[in-house]
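Worksheet for the structure shown next.
Values below: all heavy atoms of this structure, side chains included; hydrogens, waters and symmetry mates excluded. Residue indices begin at 1 and follow the sequence shown.
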Amino acid sequence: MRLVKCLALICPIGAVPGLAQEFPVPTYGVVGPEGSIHMPDGEFRATWPVLGTWTILDEGEVTGQHVVYTQPGVIEHYLETGTFPDGAVLIKELLEAEADEYSTGTAAYATDVTGWFVMVKDKQARFDGNDLWGLGWGWAYFDVGDRQTTTTSDYRFECKTCHVPAKQTDWIFLEGYPVLHTD
């Protein structure tokens, strides 16, 4: 009992190593105990704003589309401060795509979801030692068949390498997100 009282006096709430700490913005169930990362509770596509979309080409042929979402309030915070708030969640939904001829010309459209990449901004390095967290972000990939269990085991090898070109912009490819630009 004395040890508990002593810890309560010297450790701020949530600062005990190994316990999940609260973020200042809602993360919708994305961050679990010990820093596990999950897909958000509920259907995010109907209520989260879209940051932008990417069309994926292979030898000039459309093969996929990526649609990137974030929770409400993140865009406004970014426009005010030029940074993502602590706890910002970015979800890149991966979709197959097809192209066809329409009255306006050739157009590509998304078809089936194939998976999701999830990133969570962590300005406090809450989960030191957890291989899903580092460089100010939590990183995870989810197959379409399992929205609760990430297949990512170490962001340094499975996520970071693709984001190296965006290192100067907090590891995020900002050019694809027109809502974050005021000019």
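- Nearest heavy atom pair, residue His77 against residue Thr83, reads ND1-O, 3.1 Å.
- Listed here is the closest heavy atom pair of Gln71 and Val89: OE1-N, 2.7 Å.
- Ring orientation note: the planes of Phe127 and Phe23 are tilted relative to one another, at an angle of 30° to 60°.
- Between Phe142 and Ile37, the shortest heavy-atom distance links the atoms CZ-O, 3.2 Å.
- Each of Leu135, Asp131, Thr161 was checked for a side-chain contact (heavy atoms from CB on, under 4.5 Å) with Tyr155, and the lone residue meeting it is Leu135.
- Ring centroid separation for the pair His163 and Trp139 comes in under the 6.0 Å cut-off.
- For Gln168, the CD atom counts as loosely surrounded, since its 6.0 Å shell holds 12 or fewer non-hydrogen atoms of other residues, nucleotides or ligands.
- At least one test fails for Arg126 against the ring of Trp133: distance under 6.0 Å to the centre or angle within 45° of the axis.
- To the nearest 0.5 Å, atoms OH (Tyr177) and CG (Leu180) are separated by 8.5 Å.
- Ring centers of Trp137 and Phe84: under 6.0 Å apart, within the cut-off.
- With values rounded to the nearest 0.5 angstrom, Leu95 atom CG is found 8.0 Å from His66 atom NE2.
- Rounded to the nearest 0.5 angstrom, Thr111 OG1 and Glu96 CD are separated by 5.0 Å.
- Ala97 and Val62 get closest at one heavy-atom pair: CB-CG1, 3.6 Å.
- The shortest distance between side-chain heavy atoms of Glu101 and Thr106 falls below 4.5 Å.
- The shortest heavy-atom contact between Thr169 and Ile172 is OG1-O, 2.7 Å.
- Tested against Leu51 for a side-chain contact (heavy atoms from CB on, under 4.5 Å), the candidates Ile91, Leu174, Leu90 yield a single pass: Leu90.
- Considering every non-hydrogen atom in both Thr152 and Leu132, the closest pair reads O-CD2, 3.4 Å.
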